[in-house]
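First comes the structure, then the notes that go with it.
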Amino acid sequence: MTNRTTTGAAAARPLRSKLLLALAAILPLAGCVTATEQARNTGQTQGVVADAASGGIDYAALNHSDHMLTCTILLNARHYQALDECIAVFEKRKFAAQEGLTTGLVAVTPEYYESGFALLKAKRATELGEYDAAAQEAQVAVAVGKSRKALVQVNSGYSMLSGIMSFGLVSPPNDPDSEYQKTLRNILLADAYSALATALYGQGDMAGLEQVRAALKQIYADARLSNQNPLVRHLKHSLSHTYFLTGEYEESYDWLVRDDRSGLLQLLDGVGEAYLTIGVLSTPVSEAMAQAITGASTDDLNFINDLPFSFQICVTALEVGRVDQARRCFEAILDDPRSLPFGEYRFGAHYGMARITRDEGDRAGAVAHLARAIELIESQRTSILTEKHKLGFIADKQDVYRMQVDLLLESGDAAGALEYAERAKARALIDLLASRSDMLSAEAAAGPAAPQAAERNRLLAELAEIEQQARIALPDRDRSVRVDERRAVILTQLRQSHRQALPLVQVQKPDLADLGRYLRPDEAMVVYFGDADGLVGFVYDQAGIAAWRLEAEDLDLMVETFREQLARRTGGGYRAMAKRLHDRLIGPFADRISGKSLVVVPHGKLHYLPFAALFDGNTHLAERHALRVLPSASVLSYIDRAPGGPTGMMALGNPALNDPALDLPGAEREAATISAEWGGSGGADLYLRGQATETVVKTGARGYGILHLASHGVFDGAEPLASRLLLAPDGQNDGVLTVREIYDLSLSADLVTLSACETGLGEIANGDDIIGLTRGFLYAGAGSIVSSLWTVSDASTEVLMKAFYRNLKTLPKAEALRRAQLETAQAYPHPYHWSAFQLSGAL
């Protein structure tokens with residue numbers, strides 16, 4: 001085997017000798033190039049994205065090819081909101097008008113659209129972490145590639161030209177068994193197998209991934225190994241990708257640069273290239289054909305079509321230590337404006353350059369590249385509508401944030417590091433809270449806040465108009481500085497007066513100075529960030545922000561072991577692990593937080609850790625500090641409660657669940673006692689057994705300042721949004737109040753207490769967002785939640801809850817809970833009985 005090395009920039013061979021089949025590879029081609037095709041072929045797709053994002057595209061007026069091409073452009077730009085609309089409309093009209101599939105210079109068949117659309121959806125699903133859906137869509141494309149169906153139909157003029165160019169040595173291109181159609185199907189197969197490989201790797205199906213490799217190698221073995229055959233490059237790229245997924249970088253690089261042609265084939269390829277370059281398809285002719293058919297130069301087409309292959313060369317070269325080659329390759333992508341619409345490759349190029357500059361000791365250069373990469377990530381995140389997809393999207397982007405945090409800590413910038421630690425969150429909950437705030441503001445437009453809501457809406461409308469005017473696709477667009485200046489003014493006004501609307505129009509960096517005003521003088525915020533490869537602890541208090549690197553080895557295992565020890569309910573065997581965890585997580589900055597209440601922002605497995613039970617050798621953490629927990633520091637600005645809300649209580653206890661084994665007599669006594677004692681503090685309504693229904697919560701909870709729900713709770717780790725509270729059924733509801741249904745509530749409650757089993761647990765999703773009952777109630781409008789991390793004892797919970805509400809009449813919530821835990825510990829000393837409960841949210 002003869003190897004040839006090449007850089008990403010040099011990997012693109014001239015198009016002239018491959019024009020006919022290369023043009024077929026970027027099908028569909030109309031007889032007259034459309035604006036969408038020209039935009040794609042020249043890399044000038046910003047206008048298409050802007051039009052789609054603003055609702056300015058009438059998909060019904062597009063032909064099928066332009067519609068699917070628009071969806072592809074949106075996928076490349078990672079604008080998921082517009083992409084999902086594009087896909088939804090296309091699925092409805094995909095094959096409705098057959099005549100739309102059979103016109104043009106080179107027309108495509110329904111099978112082309114079926115396979116191309118399946119590949120598009122597979123790539124979208126992969127980006128959002130939906131590997132099962134990605135595998136299903138990729139298999140659709142594989143099935144088409146394995147069929148004997150034609151993907152294109154060439155008109156008679158083009159067919160005649162093909163015959164002339166090939167000297168009559170090839171079969172008619174429209175024959176499904178022709179080499180032309182087989183090559184197109186194999187190109188499709190190469191791309192489909194590549195998408196399937198990614199999905200299988202995401203599913204953890206290594207056997208399936210190996211089968212994909214074998215299939216690709218078989219196609220490669222049967223292929224004509226000529227540089228005039230674009231299939232070869234697709235196959236090498238796909239095979240390289242399968243090895244890159246599994247970290248076999250040398251093998252990955254080898255597939256990209258390998259050249260298995262015989263000496264004779266290399267000679268013939270060179271002769272054919274020279275003949276077509278200086279002969280029949282001289283430069284003026286090839287350029288004229290390219291412009292006429294695609295609306296782009298051959299150089300534009302080369303760059304756009306070769307970008308995925310060039311980028312793969314970049315990243316594999318870096319992984320195998322060919323740093324100079326990788327640098328030239330990444331720089332070629334970043335320096336070329338035609339790469340601007342391809343956020344994935346620009347993000348990857350900035351990340352690659354950050355790794356290179358970091359390793360060379362250029363910390364500032366690495367920080368700058370990472371900042372640009374993160375800006376791309378966050379601009380794409382804002383176009384994802386669902387929290388599930390936000391969580392999936394951020395999954396494979398965490399290393400970028402971790403590297404930035406590490407670099408900023410090395411330079412002594414603890415505040416900058418904390419900012420990026422916060423930005424590393426998927427921030428799906430932040431976006432949900434912001435959107436809810438905007439919705440509630442709209443509801444209040446008829447009330448006293450009407451002028452403020454109207455002003456906010458006016459600013460948002462003006463901003464939308466400016467964005468519309470600035471769209472690249474508009475021929476009369478205003479590129480003057482005045483547009484950018486006016487946009488900046490509006491954003492400043494929103495930031496000053498309508499801060500909660502900002503996430504609707506731009507990604508917001510955490511405002512650490514603003515968050516500080518939500519901390520009391522006697523409070524310190526402790527933020528954890530990282531994993532087993534490196535953990536950082538930040539302390540943010542009135543003295544500023546400081547950071548410590550913490551020991552992270554086996555931390556997840558230690559948390560699991562500690563929870564298992566607590567579950568035994570007796571003895572002091574848990575104390576050794578409690579001290580080890582305390583020494584790692586609290587000890588390094590114990591002096592800094594001495595005498596202060598703590599606001600803890602966990603990360604990863606630490607979300608499952610009962611911090612109250614940590615032990616310094618003499619006392620538990622709850623004996624020295626009042627504690628509250630936050631899913632992220634940025635949540636503070638959305639859940640802070642203004643005084644003067646409802647003060648009444650709704651208490652539900654021991655709902656009738658038609659199963660004696662599920663009865664909670666202690667919960668019934670608890671709810672009755674608490675509601676009776678609270679009656680003089682604003683009134684309390686009590687619902688027991690058959691009255692404690694899901695319907696009561698859905699229809700009546702909004703008018704109360706405190707909701708006390710003493711029932712069974714179930715955490716569903718497989719489907720966190722199906723986690724649920726079990727309430728009494730009636731004729732209107734089944735009694736199963738799921739997280740999804742909690743999201744639909746609209747609460748005014750300052751406090752929701754979930755005196756039930758495992759109500760504080762949630763699934764640690766990608767990006768460290770927690771999905772569970774606590775999250776659901778925060779979104780529904782609760783200021784704070786008291787919930788439990790494991791199945792709790794009915795008897796000890798009754799003691800703790802009664803003490804908590806007694807304390808709550810005179811103390812802040814965190815201190816009221818701390819003293820209730822200590823009181824419970826007098827009767828039930830083991831932390832199993834009192835440390836499960838934690839306060840999440842505002843004071």
Side-chain angles (χ1 to χ4, degrees), residues 24-28 59 63-76 80 83-98 100-102 107-153 176-177 181-205 207-216 218-219 231 234-235 237-239 241-242 245 308 344 388-389 392:
I26 58 169
L27 291 173
Y59 288 110
N63 61 41
H64 286 71
S65 63
D66 270 5
H67 191 154
M68 192 166 82
L69 189 55
T70 299
C71 294
T72 302
I73 287 169
L74 294 171
L75 175 67
N76 289 334
Y80 297 97
L83 171 62
D84 288 347
E85 179 185 0
C86 185
I87 289 175
V89 177
F90 190 88
E91 286 184 318
K92 293 178 181 177
R93 67 175 297 218
K94 184 166 49 170
F95 305 124
Q98 289 296 321
L101 310 177
T102 57
V108 300
T109 65
E111 287 74 23
Y112 170 87
Y113 281 109
E114 179 186 8
S115 58
F117 196 66
L119 269 180
L120 185 147
K121 291 197 291 184
K123 292 174 182 176
R124 171 200 173 277
T126 296
E127 275 291 312
L128 299 175
E130 297 180 318
Y131 297 114
D132 291 345
Q136 292 174 5
E137 296 293 348
Q139 288 285 15
V140 171
V142 168
V144 174
K146 288 182 175 180
S147 71
R148 287 187 58 252
K149 297 177 180 179
L151 295 182
V152 303
Q153 292 294 307
D177 292 323
Q181 297 289 350
K182 288 180 181 178
T183 299
L184 288 178
R185 288 196 298 270
N186 279 330
I187 289 175
L188 167 63
L189 265 179
D191 294 343
Y193 277 134
S194 182
L196 180 58
T198 305
L200 292 171
Y201 180 76
Q203 293 174 318
D205 185 356
L209 178 57
E210 192 57 46
Q211 291 175 355
V212 166
R213 281 180 184 161
L216 285 168
Q218 185 59 55
I219 300 173
L231 168 62
H234 280 264
L235 288 168
H237 179 264
S238 295
L239 278 162
H241 176 65
T242 68
L245 287 170
E344 174 187 5
K388 175 183 178 183
H389 290 156

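Considering all non-hydrogen atoms of both residues, Phe117 and Met68 come closest at N-SD, 3.7 Å. Closest of all the heavy-atom pairs between Ala190 and Leu235 is CB-CD2, 3.9 Å. Counting all heavy atoms, side chain and backbone alike, Leu75 lies closest to Leu120 at CD2-O, 3.9 Å. Scanning both residues, Ala138 and Ala122, for their nearest heavy atoms gives N-CB, 3.9 Å. Taking every heavy atom of both residues into account, Ala192 and Ala141 meet most closely at CB-CB, 3.6 Å. Considering all non-hydrogen atoms of both residues, Thr242 and Ala197 come closest at CG2-CB, 3.8 Å.
The side-chain heavy atoms of Val144 and Leu151, taken from C-beta on, include a pair separated by under 4.5 Å. A heavy-atom distance below 4.5 Å is found between the side chains of Cys71 and Leu83.
Here OG1 of Thr72 is found 11.0 Å from CG of Asp66. Values are rounded to the nearest 0.5 Å. Here the straight-line distance linking atom CG of Leu231 with atom OG1 of Thr183 works out to 6.0 Å at 0.5 Å rounding. If you take CG on Leu184 and CG on Leu188, they are separated by 9.0 Å, rounding to the nearest 0.5 Å. Going from atom CG of Leu119 over to atom CD of Glu114 covers 11.0 Å, rounded to the nearest 0.5 Å. Rounding to the nearest 0.5 Å places CG of Leu200 at 11.0 Å from CZ of Arg213. In this structure, Glu85 CD and Thr70 OG1 are separated by 11.5 Å, a value rounded to the nearest 0.5 Å.
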Worked verdict on Glu127 versus Arg124 for salt bridge (charged side-chain N to carboxylate O under 4.0 Å, His left out): CA-CA 5 Å; Glu127 275 291 312; Arg124 171 200 173 277; over 6 Å; no
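In this pair, Phe90 and His67 present their aromatic rings perpendicular. The plane angle is above 60°, beyond the 30 to 60° band.
Side-chain atoms of Tyr59 do not come within 3.5 Å of backbone N or O of Val89 as any donor-acceptor pair. At distances below 3.5 Å, at least one donor-acceptor pair connects side-chain atoms of Arg185 with backbone N or O atoms of Lys149.
Between His237 and Ser194, the side chains place no donor N or O within less than 3.5 Å of an acceptor N or O (distance only, hydrogens not considered).
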